[in-house]
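Structure, as structure tokens:
Order of the sequence lines sets the chain letters (A, B, ...), proteins ahead of strands, with each chain counted from 1.
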Amino acid sequence: MLSDSEKKRYSRQIRLFGEDGQEKLKRTRVFIAGAGGLGSVISIYMAAAGFGKIRICDCDAVELSNLNRQILHANADVSRPKALSAYETLTGINPEIEVEAEVQTISEDNIDQLLLGSDLIMDAMDNFPVRYLLNRAALKRKIPLFHGAISGYQGQATTIIPGKTACLSCIFPRAPPAATFPALGSTCGIIGSIQVTEAVKYVTGTGKLLENRLLLWDGLNACLDEMACERNSVCRDCSE
Amino acid sequence: MLVKVLAFAGFREILGKERELSLNESVTVKELLAELAVATPRFKEAAFDESGALRDYVLLMINRKLIDSRQDLSRPLQEGDELAIFPPLAGG
Ligand SMILES: [Zn+2]
């Protein structure tokens with residue numbers, strides 16, 4: 001049931017998917033892997049939209065060089081743990097949801113515990129080794145993984161539904177090399193927003209998801225393309 | 001035959017968004033990529049490793065469908081095919 005203040009807070013999106021849809025968001029527990037550029041946009045829009053329980057995990061502290069894009073964090077947060085700054089920002093935006101902040105490095109050892117009770121995973125990582133870990137965990141738990149990545153003006157996104165779509169390893173069998181990427185806040189805004197839109201559609205059961213479709217955003221040319229992908233029958237992570 | 005090459009992300013900055021190439025019949029994906037590398041040294045540097053092999057993480061798509069960038073390199077291209085090349089992004 002939605003309270004009167006919730007009905008008011010969410011009235012403009014209840015027009016989209018009804019109180020029924022809003023209650024579905026309220027019942028959904030999300031895990032956001034990363035409180036950086038993508039994690040900022042994803043967590044702010046998910047908190048504002050009323051996803052009922054948000055667990056956000058990041059091991060780093062805020063640095064001055066993060067603030068061009070990581071809008072969860074303010075100038076006064078420099079050198080504080082990102083997860084704590086995230087907690088304060090998100091509960092400030094929406095005190096009617098539950099937020100949990102985890103200051104941890106996501107690894108093979110803690111991923112089961114971190115994902116305990118989560119209904120979906122938002123990929124806001126900055127490296128492929130941890131993304132593959134999230135992918136395997138999503139497959140094991142049969143929960144969706146909303147993938148996004150950026151570099152400079154460029155972005156990519158896809159929605160992974162275990163048992164139905166290609167998994168992350170089907171699409172990206174080998175990791176691109178680790179590097180310090182150029183990063184622009186507005187590119188994180190576009191890709192993170194696409195990931196949240198996908199999660200909202202998934203939970204409320206509306207629209208057509210980015211299933212087996214890799215979306216490619218090129219901000220420099222203002223072009224959006226999509227590529228079809230399919231499950232790899234010999235995928236190391238999702239083939240039986 | 002005419003084949004279109006679509007480049008994405010970092011490759012787009014080097015090769016431009018798209019170009020049409022006039023090729024001999026039965027040119028393979030691998031041969032087309034080699035031809036691009038010869039014509040554009042910066043592309044060679046970005047897409048191939050020191051041994052001359054395509055960097056293993058590069059994604060290839062024919063007619064907007066992902067192909068296996070290891071097994072399908074020997075696939076012959078057809079008139080009108082569109083080969084897309086994309087170095088995946090990893091930042092967040
Ligand atoms: Zn797979």
Side-chain angles (χ1 to χ4, degrees), chain A residues 33-40 42 58 69-70 123-131 147-157 166 168 170-184 187-188 191-192 212-214 216-218 220-221 223 225-230 232 234, chain B residues 3-20 29-30 33 42-75 77-78 80-92:
Chain A
L38 287 174
S40 286
I42 291 169
D58 201 302
R69 63 195 186 280
Q70 301 186 11
D123 168 10
M125 289 314 303
D126 60 358
N127 70 85
F128 262 83
V130 177
R131 284 192 172 96
H147 164 72
I150 58 101
S151 178
Y153 292 101
Q154 318 289 330
Q156 71 200 23
L168 199 72
C170 294
I171 304 172
F172 308 102
R174 290 164 293 276
T180 300
F181 305 96
L184 183 68
T187 304
C188 299
I191 299 300
N212 285 330
R213 298 150 67 201
L214 177 63
L216 303 176
W217 165 246
D218 170 7
L220 212 47
N221 290 285
C223 281
D225 279 276
E226 73 170 77
M227 297 292 160
C229 35
E230 58 187 27
N232 177 354
V234 293
Chain B
V3 169
K4 199 197 270 183
V5 175
L6 257 185
F8 287 94
F11 295 163
R12 183 168 283 184
E13 284 162 34
I14 299 169
L15 295 172
K17 193 171 169 226
E18 59 178 70
R19 54 173 73 185
E20 209 160 38
V29 173
K30 190 177 179 176
L33 291 170
R42 274 180 68 211
F43 174 67
K44 185 180 178 189
E45 219 170 282
F48 293 84
D49 64 21
E50 293 76 32
S51 75
L54 186 68
R55 296 189 190 277
D56 65 0
Y57 56 86
V58 171
L59 296 190
L60 299 173
M61 292 147 283
I62 294 179
N63 301 330
R64 310 235 161 195
K65 197 166 178 304
L66 204 63
I67 64 169
D68 186 321
S69 64
R70 278 185 174 162
Q71 287 170 18
D72 295 343
L73 279 178
S74 55
R75 180 166 154 178
L77 291 157
Q78 314 284 323
D81 272 352
E82 179 191 84
L83 176 71
I85 45 182
F86 173 59
L89 312 172

With a 4.5 angstrom heavy-atom cut-off, is it the side chain or the backbone of R12(B) that approaches chain A, or both, or neither? side chain
Determine all donor-acceptor pairs shorter than 3.5 Å in which one atom belongs to a side chain in residues 80-92 of chain B; sequence neighbours excluded.
unit_1	atom_1	unit_2	atom_2	d
D81(B)	OD1	N63(B)	ND2	3.0
D81(B)	OD2	Q78(B)	N	2.8
E82(B)	OE1	R64(B)	NE	3.0

Chain A: which of G10(B), A9(B), S69(B) shares the most heavy-atom pairs with it under 4.5 Å? A9(B)
Residues forming a ring pair (Phe, Tyr, Trp, His ring centres under 6.0 Å) with F172(A), sequence neighbours excluded: F128(A), H147(A)
Could you look at [X] and say if it's the side chain, the backbone, both or neither that has a heavy atom under 4.5 Å from chain B?
| X | result |
| --- | --- |
| Q70(A) | neither |
| N221(A) | side chain |
| A175(A) | backbone |
| I150(A) | both |
| I171(A) | both |
| R69(A) | neither |

Do [X] and [Y] touch side chain to side chain, with heavy atoms closer than 4.5 Å?
| X | Y | answer |
| --- | --- | --- |
| I67(B) | L59(B) | no |
| L66(B) | M227(A) | no |
| L33(B) | F48(B) | yes |

Residue among S151(A), P177(A), A166(A), G152(A) with most heavy-atom pairs under 4.5 Å to chain B: P177(A)
I'd like to know whether CD of Q71(B) has more than 12 heavy-atom contacts from other residues, nucleotides or ligands below 6.0 angstrom. no
Apply salt bridge (Lys or Arg N to Asp or Glu O under 4.0 Å) to R42(B) and E13(B), showing your working. CA-CA 10 Å; R42(B) 274 180 68 211; E13(B) 284 162 34; 5.8 Å; no
